[in-house]
Amino acid sequence: MQTKIKKFSDVTLQEYHQLMKARVAVFVVEQACPYQEVDDIDLEAIHFWLENDKNEIIAYARIYHDEQAVHFGRVLVKKEERGKGFGRQLIQLVMEWINQEFPEETLHIEAETYLQDFYASFDFQAISDEYLLDGISHIAMEK
């Protein structure tokens, strides 16, 4: 298993294709949610993913910073790799990276509501009621 951490300008075309293919498969096709998956945040985000020994993406998240907080999102584990602990491994690595790069910064996420307990296990606290985002129940959380 390899961890990849790259700015957009360092992501190869092949890697970007694989990242977008994985994101669209989960967030557009699997969740039956038509929306603009590719956005301008990608241009400034840090792209963070786990690859197996065949250079296939197993799990992914993107990290970005604005005036209010550090954010991570678009968190996914490929369908066939779920239940193997890759999501927990990914978030642990993302959190370690963020703590090194942005110590003392507020960390904000928009979590799908069913993952609230998962993120709470990383010390995130709910800061909103449930709300719909593209038809999917979410909750804002911070650490």
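Nothing fancy with the numbering, it's 1 onward along the sequence. For clarity, every value in this text was computed on a predicted model and none was experimentally measured. FYI, side chains are in, hydrogens and waters are out, and symmetry mates aren't considered; it's all heavy atoms of this structure.
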Atom pair [atom1]/[atom2] of [X] and [Y] - distance to nearest 0.5 Å:
X	Y	atom1	atom2	answer
Ile41	Arg62	CD1	CZ	4.5 Å
Phe124	Ile139	CZ	CD1	13.0 Å
Thr106	Glu104	OG1	CD	10.0 Å
Gln2	Ile57	CD	CD1	12.0 Å
His71	Ile98	NE2	CD1	10.0 Å
Tyr119	Lys143	OH	NZ	13.0 Å

More than 12 heavy atoms of other residues, nucleotides or ligands under 6.0 Å from [atom1] of [X]: yes or no?
X	atom1	value
Asp117	CG	no
Leu13	CG	no
Asp40	CG	no

Using the rule that Ile, Leu, Val, Met, Phe, Trp and Tyr join whenever any side-chain heavy atoms are under 4.5 Å apart, tell me whether [X] and [Y] fall into a single cluster.
X	Y	value
Val24	Ile136	no
Val94	Leu107	yes
Leu50	Tyr60	no
Leu76	Met95	no
Phe72	Val11	no

Return the minimal non-hydrogen interatomic distance between [X] and [Y], and the atom names on each side.
X	Y	value
Lys6	Trp49	CD-CH2, 3.9 Å
Phe27	Val75	CZ-O, 3.3 Å
Arg82	Val77	NE-O, 2.9 Å
Ile46	Ile5	CG2-CG2, 3.5 Å
Glu15	Lys4	OE2-NZ, 4.0 Å
Ile58	Glu51	CG1-C, 4.2 Å

Run the numbers on Phe86 and Asn52 for side chain to side chain contact (heavy atoms under 4.5 Å, CB included), then give the verdict.
-> CA-CA 11 Å; Phe86 292 123; Asn52 64 16; over 6 Å; no

Which is it for Glu44 and Phe8 under the side chain to side chain contact (heavy atoms under 4.5 Å, CB included) test, yes or no, and what are the steps along the way?
-> CA-CA 7 Å; Glu44 297 184 23; Phe8 180 80; over 6 Å; no

Considering only NZ, NE, NH1 and NH2 on the basic side and carboxylate oxygens on the acidic side, decide whether Lys78 and Glu81 come within less than 4.0 Å.
-> no

Charged N to carboxylate O below 4.0 Å: is that the case for Glu56 and Lys54?
-> no

Starting from the C-alpha separation in whole Å, work towards a yes-or-no answer on side-chain hydrogen bond (donor to acceptor under 3.5 Å, both in side chains) for Glu105 and His65.
-> CA-CA 9 Å; Glu105 293 274 344; His65 185 260; 3.3 Å; yes

Should the ring pair Phe122 and Phe118 be called parallel, tilted or perpendicular, given that the plane angle runs from 0 to 90° and is split at 30 and 60?
-> perpendicular

No-hydrogen, no-angle side-chain donor-acceptor test under 3.5 Å, Ser137 and Glu130 = yes

Answer yes or no: is there a donor N or O on one side and an acceptor on the other, between the side chain of Arg74 and the main chain of Arg23, under 3.5 Å?
-> no

Does His108 reach the main-chain N or O of Ala140 with its side chain, forming a donor-acceptor pair under 3.5 Å?
-> no

Could you go step by step and tell me if Asp42 and His47 meet the side chain to side chain contact (heavy atoms under 4.5 Å, CB included) rule?
-> CA-CA 8 Å; Asp42 283 333; His47 300 272; 3.5 Å; yes

Please report the C-alpha distance between Glu112 and Leu133 in whole Å, then the side-chain angles of each, then the deciding distance to 0.1 Å, and finally whether the side chain to side chain contact (heavy atoms under 4.5 Å, CB included) criterion is met.
-> CA-CA 9 Å; Glu112 290 185 25; Leu133 184 61; over 6 Å; no

Going through the distances and angles, do Gln92 and Glu96 end up as a side-chain hydrogen bond (donor to acceptor under 3.5 Å, both in side chains)?
-> CA-CA 6 Å; Gln92 185 63 47; Glu96 289 170 7; 3.3 Å; yes

